[in-house]
Amino acid sequence: MKKPLVVIDTNVFISGLIIPKGNPYKVVQLWQSGSMQVAVSSELIAEISTVLDRKKIKTKFHLSDV
């Protein structure tokens, strides 16, 4: 069976990565398990990067530069 191709909203993607519960987390887990393919664009990657680089987000979720 062909895997569904989906676009994950920036907020869902970020929430799913940094908060290990809820529906956004389940979506990211489906992607990581290979149950679906995720379509991304350079614009989406830039938006995710911008949001993760915000001081408020870094402080709230204890994120650091790597």
Side-chain angles (χ1 to χ4, degrees):
M1 179 191 299
K2 191 172 180 179
K3 296 176 190 176
L5 179 63
V6 299
V7 175
I8 301 176
D9 178 76
T10 299
N11 293 326
V12 172
F13 186 79
I14 291 173
S15 294
L17 288 176
I18 61 181
I19 303 171
K21 61 182 177 183
N23 289 329
Y25 180 73
K26 290 176 187 175
V27 169
V28 171
Q29 291 299 301
L30 285 170
W31 169 50
Q32 290 179 329
S33 73
S35 297
M36 65 182 182
Q37 295 179 340
V38 176
V40 296
S41 65
S42 57
E43 293 84 4
L44 181 60
I45 292 170
E47 183 179 19
I48 290 167
S49 179
T50 298
V51 172
L52 288 174
D53 200 39
R54 292 180 184 159
K55 183 175 179 164
K56 180 179 177 180
I57 298 294
K58 287 181 175 183
T59 301
K60 182 175 181 177
F61 296 104
H62 309 288
L63 303 177
S64 61
D65 294 331
V66 178

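- Here CD1 of Ile14 is found 7.5 Å from CD of Glu47. Values are rounded to the nearest 0.5 Å.
- Sorted by first then second residue, the salt bridge (Lys or Arg N to Asp or Glu O under 4.0 Å) pairs that include residues 16-44, not counting sequence neighbours, number zero.
- Applying the ring pair (Phe, Tyr, Trp, His ring centres under 6.0 Å) definition to pairs two or more places apart or across chains, none involves residues 38-59.
- Each of Lys55, Lys60, Arg54 was scored for a side-chain contact (heavy atoms from CB on, under 4.5 Å) with Ile57, with one residue passing: Arg54.
- Side chain of Thr50 to backbone of Ala46: a donor-acceptor contact under 3.5 angstrom is found.
- Here ring pair (Phe, Tyr, Trp, His ring centres under 6.0 Å) pairs that include residues 5-56, with residues two or more places apart or in two chains, are Phe13-Trp31.
- Summarising the geometry, atom CG belonging to Leu17 is positioned 8.0 Å from atom CD1 belonging to Ile48; distances are rounded to the nearest 0.5 Å.
- Listed by chain and number, the residues in a side chain to side chain donor-acceptor pair (under 3.5 Å) with Ser42 amount to none (sequence neighbours excluded).
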What side-chain donor-acceptor pairs closer than 3.5 Å can you find for residues 32-39, not counting sequence neighbours?
unit_1: Gln32; atom_1: OE1; unit_2: Gln29; atom_2: NE2; d: 3.1
unit_1: Ser33; atom_1: OG; unit_2: Gln29; atom_2: O; d: 3.3
unit_1: Ser33; atom_1: OG; unit_2: Leu30; atom_2: O; d: 2.9
unit_1: Ser33; atom_1: OG; unit_2: Ser35; atom_2: OG; d: 3.0

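- Under the salt bridge (Lys or Arg N to Asp or Glu O under 4.0 Å) criterion, Asp53 pairs with Lys58, not counting sequence neighbours.
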